[in-house]
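Report on the structure given below.
Residues take their numbers from the sequence shown, with the count starting at 1.
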Amino acid sequence: LSCDLMATQSVFSAQLQSQATAFAASQQPTQPPVMQQPSPNPTPPVGRFSDSLSFPAMDLTGKLIIKARLEGDDDVRRIPISNEDITYDELLLMMQRVFKGKLSSTDEVLVKYRDEDGDFITIMENADLTLAKQTNRMLHLKLRVQGRSFGNSAGLDVAALY
């Protein structure tokens, strides 16, 4: 029994030392980036970022993506969702934040998503949202504020929104 205890302590001690070394290495200050001389052609090629501007790639594998558009507005927002247990009320709050100044907490909002057949299906409660999330990894949402006129919205082709 005492040999097993000593062996366990030895393994634990080695693991702790390894974690402490890894933590200490991660806390070392990094060297500041070296400034590159500007190129004679400062305009990057079309469709590419210049090499001096690099952004870390987001891993969106398996995440729910919401692509939302407020009817009557050309602004489209793409939002990765880390907590897929989002409720209908939380979705509405999120849309109010995303479309701040265009959508308020007093607005009565109709939410629709585009299904696999291209039809827009109304989301009115948690069960509707759950079904939408189960059948789509990317939710294409269309938001309409009830009672708000967007010009000729009666003749609007909703399929043309996406």
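Looking at Asp107 and Gln146, their side chains never come closer than 4.5 Å, going by heavy atoms from C-beta outward. Residues Thr122 and Leu110 form a side-chain contact, since some pair of their non-hydrogen atoms from C-beta on lies under 4.5 Å apart. Here the side chains of Leu129 and Ile86 are in contact, with some heavy-atom distance below 4.5 Å.
In this structure, the separation between CD on Glu125 and CG on Asp89 is 11.0 Å, given to the nearest 0.5 Å. Remark: Leu131 CG to Ile123 CD1 distance equals 9.0 Å, nearest 0.5 Å. For the atom pair Leu141 CG and Arg69 CZ, the distance stands at 12.0 Å (nearest 0.5 Å). In this structure, Leu139 CG and Lys67 NZ are separated by 12.5 Å, a value rounded to the nearest 0.5 Å. Rounding to the nearest 0.5 angstrom, the gap separating the CZ atom in Arg137 from the CD1 atom in Ile81 is 10.5 Å. Note that OH of Tyr88 and CG of Asp128 are 8.5 Å apart. Values are rounded to the nearest 0.5 Å.
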Handout entry: side-chain contact (heavy atoms from CB on, under 4.5 Å) assessment of Val145 paired with Leu143
Key = CA-CA 7 Å; Val145 179; Leu143 308 169; over 6 Å; no
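In Met138, the CE atom is crowded: over 12 heavy atoms of neighbouring residues, nucleotides or ligands sit closer than 6.0 Å. Around CD of Glu108, the count of heavy atoms belonging to other residues, nucleotides or ligands within 6.0 Å does not exceed 12.
Taking the centre and axis of the six-membered ring of Phe120, the NZ or CZ atom of Lys142 falls inside the cone set by 45° and 6.0 Å.
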Only distances under 3.5 Å count here; give the side-chain donor-acceptor pairs of residues 90-103 to other protein atoms, sequence neighbours excluded, each with its distance to 0.1 Å.
| residue | atom | partner | partner atom | Å |
| --- | --- | --- | --- | --- |
| Glu90 | OE1 | Thr87 | N | 2.8 |
| Glu90 | OE1 | Thr87 | OG1 | 3.4 |
| Lys102 | NZ | Asp73 | OD2 | 2.7 |
| Lys102 | NZ | Asp75 | OD2 | 3.4 |

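For Ser105, there are no side chain to side chain donor-acceptor pair (under 3.5 Å) partners two or more places apart in sequence or in a different chain.
Side chain of Asp117 to main chain of Asp119: no donor-acceptor pair is present (N/O by atom type, distance under 3.5 Å, no hydrogens or angles).
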